[in-house]
Amino acid sequence: MPTQFSSMAMTDASTTPRTDPRPEIRHDFKSAEPRWQAEWEKRACFAVPDVPESGRPKYYVLEMFPYPSGKIHMGHVRNYTLGDVVSRYKRARGHQVMHPMGWDAFGLPAENAARERGIHPGKWTYDNIANMRAELKRMGLGLDWSREFATCDVEYYGQQQKLFLDFFKAGLVERKESWVNWDPVDGTVLANEQVIDGRGWRSGALVEKKQLSQWFFSITRYAPELLEALGTLDRWPDRVKTMQANWIGRSEGARVRFRMAEAPPAAPQEVEVFTTRPDTLFGMSFLAVAAEHPLAAAAAARDPKAAEFVAECRRMGTSEAAIEQAEKRGYDTGFRVAHPFIEGASYPVWIANFVLMEYGTGAIFGCPGHDERDFEFASKYGLEIIPVVLPPGADPASFTLGDAPYTDDGTAFNSGFLDGLNVAAAKRAAIEKLEATGQGTGVVNWRLRDWGVSRQRYWGCPIPIIHCEACGVVPVPAAQLPVELPQDVDFSRPGNPLDHHPSWKHVDCPSCGKPARRETDTFDTFVDSSWYFARFCSPRAAEPVTRAAVDGWLPVDQYIGGIEHAILHLLYSRFFTRGMRETGHLSVSEPFAGLFTQGMVTHESYKSADGRWLYPEEVEFSADANGGRIATLKGGNEPVVIGRVEAMSKSKRNTVDPGAIIERYGADTARWFILSDNPPERDMEWTEAGVAGAYRFSQRLYRLVATALPGLPPAGTSAESAMGEARKLRQATHRTIAAVTEALETFAFNVAVARIHEFANTIAEAGDTGAAKREALEAITRLASPMMPHLAEELWSLLRPGEGALVAELPWLDADPALLKAETVTLAVQVLGKLRGTIEVAVDADEATIFALAEAEENVARSLAGRSIRKRIHVPGRVVNFVV
RNA sequence: GCCCGCCUGGCGGAACGGUAGACGCAGCGGACUUAAAAUCCGCAGUCCAAAAGGGCGUGGGGGUUCGAGUCCCCCGGCGGGCACCA
């Protein structure tokens with residue numbers, strides 16, 4: 001083969017011209033990208049059957065589906081690029097990859113558009129979808145579009161209604177009272193985000209809590225399983241599992257019944273408390289109940305001031321953040337409870353704004369000595385603080401608490417029969433005694449609450465229930481499904497349009513035939529997104545899912561989305577999967593075997609001198625005397641203040657339109673930049689300079705191939721016998737294959753990009769190395785292909801003209817282990833952990849040789865002079881360290 | 001407030017507990033050009049030094065280790081979630 005000779009002939013690489021002789025060679029992405037997109041579609045490269053074929057492993061890649069807000073944003077570009085890289089890589093690795101797309105299409109913004117602009121929510125939503133679908137297609141994503149659906153398609157939500165009825169029959173659905181944010185002026189239930197500083201966002205009225213009868217999924221029944229199964233999710237980020245575990249919130253403690261010592265006959269004569277610290281019962285100084293507690297109601301009934309306090313608590317909103325951040329306040333009801341252990345002792349009962357009705361029993365006993373919140377509360381209201389846990393080594397006779405409670409382990413004292421026990425033993429002893437005297441029991445308590453799914457809104461999936469005076473709650477019979485949303489709805493009135501629709505809710509009871517009323521609440525949109533991943537497996541089926549399809553494709557092998565969904569969406573999906581398992585729809589328990597959570601896309605923000613937010617395209621930049629950046633308004637000299645780098649948001653106008661970027665630079669460039677900037681789990685900053693750099697690289701890669709092309713040997717020429725410079729290039733090629741593969745496997749896409757950059761530099765510096773060069777160029781094309789798929793097809797068509805194969809159809813490259821081995825290795829030589837030099841040794845050199853070489857190294861020797869070596873450390877392939 | 005993260009040059013970042021700053025962006029110098037753009041070559045953490053070399057350096061403080069960006073503790077700043085935004 002002539003390869004070795006040609007490489008020998010060109011040993012002096014520096015003589016090869018480095019300037020590009022044909023600078024006009026450019027990649028025309030505008031024509032190439034649509035052309036390759038059409039080719040992929042024509043060959044159905046990304047379509048898979050509902051039931052995976054046997055013989056090849058399946059791989060299900062899914063990104064969290066978008067809400068159709070109208071335009072895609074950079075967060076979508078990042079999300080779908082990440083998924084696309086994974087899907088293309090796994091396909092090359094021989095998997096049959098399902099990679100679908102759909103729309104999370106129900107929700108509030110469509111109703112807001114209807115109220116504000118008079119557009120029907122359905123039209124608004126489907127118009128948005130059409131627009132966003134076109135934008136996504138321009139990104140060149142390898143998606144199976146034949147599976148697309150929107151959750152607002154009646155074909156989807158009708159199936160969801162079937163699932164609900166199955167869950168209902170299986171006893172996974174309950175009707176319960178719960179509290180909502182009520183806007184008394186608009187007569188509307190408000191979402192938490194619609195409550196701003198305690199007021200309705202539209203009316204400005206003070207929001208009140210109101211109790212409504214609502215539908216709930218019994219997610220708490222699965223609390224133990226949802227917690228334990230986290231241990232099986234070995235491809236989920238630990239932090240997400242930790243957050244879920246904390247959310248589920250298993251805690252061991254006791255329920256303690258307190259007898260009322262002083263209370264009017266009309267009030268409950270007993271109050272039950274949940275505590276995780278029954279060992280501190282002797283340090284009790286008060287009992288506190290939530291404002292919604294029956295005892296609070298009893299107090300309010302006879303004491304106007306108590307009633308006023310309860311009313312105030314009702315104006316606090318329903319969000320936990322609002323409640324916990326509010327100043328801790330309370331009201332003494334005048335009632336008293338007896339102590340379970342101390343004969344004759346009694347304590348005041350307070351109503352407190354920090355006690356949550358939803359957690360435990362809605363009542364606590366206060367032990368200020370050993371609990372932060374109780375301490376704060378007792379200090380504020382002058383309640384007694386009795387220490388009952390002694391820190392290790394403290395003297396019981398002289399111990400005092402100072403200005404903070406003591407919450408760590410210690411020894412019980414001032415505690416009667418518990419004295420001398422540590423916290424854990426005292427807990428056990430206290431529970432034993434409570435159980436023996438019939439005043440309480442040891443229990444496991446969960447923080448997780450049942451999932452309330454009723455929403456008083458139009459643009460959601462109708463809950464398929466009929467309310468009958470005679471028969472009560474009657475599920476809609478399967479034959480009458482789907483319960484379709486009416487099209488003719490009136491948004492000019494506040495409240496739920498379904499409820500004041502003239503005819504929709506009036507139906508005959510399916511059971512007794514008498515006039516009855518439809519449920520006018522619709523589902524929480526989290527229900528829609530709790531099973532869409534299963535529907536994708538058989539999106540046109542006449543039942544919610546088909547067994548063969550879900551059994552074949554589930555679980556999702558790689559799920560990708562924002563960290564903001566770490567708890568609710570993922571937990572609800574995990575519950576729903578179990579519900580579907582219980583009702584015979586599928587057989588897996590966990591929907592997502594692998595999870596990756598991406599960071600946000602951020603951008604600098606800009607403000608004009610008069611404080612207006614400005615879009616990036618309204619601003620231009622120049623350099624000041626010190627090389628810093630100065631911003632001014634485009635087309636003028638008006639100064640612009642460069643603000644913080646923040647998450648892109650419409651309100652701050654720091655958004656960049658992906659459509660404009662793709663138009664200007666092409667999809668490959670947008671994808672390449674978004675992957676190259678930083679690790680995908682971190683927030684990334686979108687910068688104009690960064691995109692421009694990515695664009696330059698795409699052109700450089702094109703030139704690299706295009707200019708080398710005339711000098712390359714024919715396709716298929718073996719590079720096996722390469723020597724000298726050609727062999728070096730081959731080693732670089734195979735090291736890059738190994739490094740990029742490793743980076744893609746670990747989601748280190750920015751590292752993959754860096755390795756491809758390095759490799760491009762190496763190829764550019766290499767001389768005429770014949771078949772080795774062809775191998776290198778073909779390799780870089782294929783290694784870059786998951787990230788820049790259009791350019792890769794273009795380059796491949798240049799390198800292999802007439803073959804007609806697509807990179808999208810080619811297998812992944814394997815590195816040749818023989819070319820990965822190095823002959824020598826560079827070792828760092830340290831003296832006392834400080835680097836003093838490096839030595840180059842053969843990989844198989846023995847330790848004595850290595851130490852001798854290291855000691856002889858000039859700078860090391862100088863450092864060692866006059867000192868005696870006490871210890872020699874050698875970490876093979878890494879470092880030598882001399883301790884003196 | 002509670003839970004969970006993150007913090008490395010001017011910037012984004014790289015680095016199985018083992019040569020900190022790979023790679024890129026911005027910058028500077030040079031080549032090419034009538035000129036600019038594009039492209040190509042080179043420099044670059046910081047301080048001291050002519051250089052050789054040395055000191056300092058991964059938000060701050062402490063610890064473990066022959067050796068810490070990496071492990072542990074405390075503190076600070078920034079971000080995500082908190083059950084009706086999606």
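Naming: A, B, ... by sequence-line order, numbering from 1 per chain.
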Please work out which of the three classes, parallel, tilted or perpendicular, describes the rings of [Y] and [X], given edges at 30° and 60°.
X	Y	value
A:Phe697	A:Trp672	parallel
A:Phe575	A:Phe217	tilted
A:His569	A:His565	perpendicular
A:Phe526	A:Tyr572	perpendicular

For A:Pro679, which contact category applies under a 4.0 Å heavy-atom criterion: base, sugar-phosphate, or nothing? sugar-phosphate

Classify the nucleic acid contact of A:Arg682 as base, sugar-phosphate or nothing, counting any heavy atom under 4.0 Å across all strands shown.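 It contacts sugar-phosphate atoms only.
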
Listed by chain and number, what are the salt bridge (charged side-chain N to carboxylate O under 4.0 Å, His left out) partners of A:Glu327, not counting sequence neighbours? A:Lys380

What interatomic distance, in whole Å, is found between P of B:C28 and the corresponding atom of B:A86?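 B:A86 and B:C28 have their P atoms separated by 49 Å.
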
With sequence neighbours excluded, what pairs up with A:Phe851 under the ring pair (Phe, Tyr, Trp, His ring centres under 6.0 Å) test? none

Can we say A:Glu681 and A:Arg239 salt-bridge, meaning some charged N sits less than 4.0 Å from an Asp/Glu carboxylate O? no

Do A:Glu758 and A:Arg755 sit within salt-bridge range, that is, some charged N less than 4.0 Å from a carboxylate O? yes

Using Watson-Crick and G-U wobble pairs with both distances under 3.5 Å, what is the 5'-to-3' dot-bracket string of RNA chain B, with [ ] for crossing pairs and | for pairs outside the strand? (((((((..(((.....[....))).(((((.......))))).((((....))))..(((((..]....))))))))))))....

Across [range], 5' to 3', mark each nucleotide with B, S or - according to how protein heavy atoms within less than 4.0 Å reach it.
range	answer
nucleotides 65-74 of chain B	-B--------
nucleotides 52-57 of chain B	-SSSS-
nucleotides 75-80 of chain B	---SSB

Looking only at the side chain of A:Glu320 (C-beta and beyond, no hydrogens), which of the listed nucleotides B:U39, B:A86, B:A83 gets closest? B:A83

So, A:Asn79 and A:Glu63: side-chain donor and acceptor under 3.5 Å apart, yes or no? no

Starting from C1' on B:C82, measure out to CG on A:Asn181 and report it in whole angstrom. 14 Å

Could you tell me the separation between the OH atom of A:Tyr532 and the C1' atom of B:A86, rounded to a whole number of Å? 12 Å

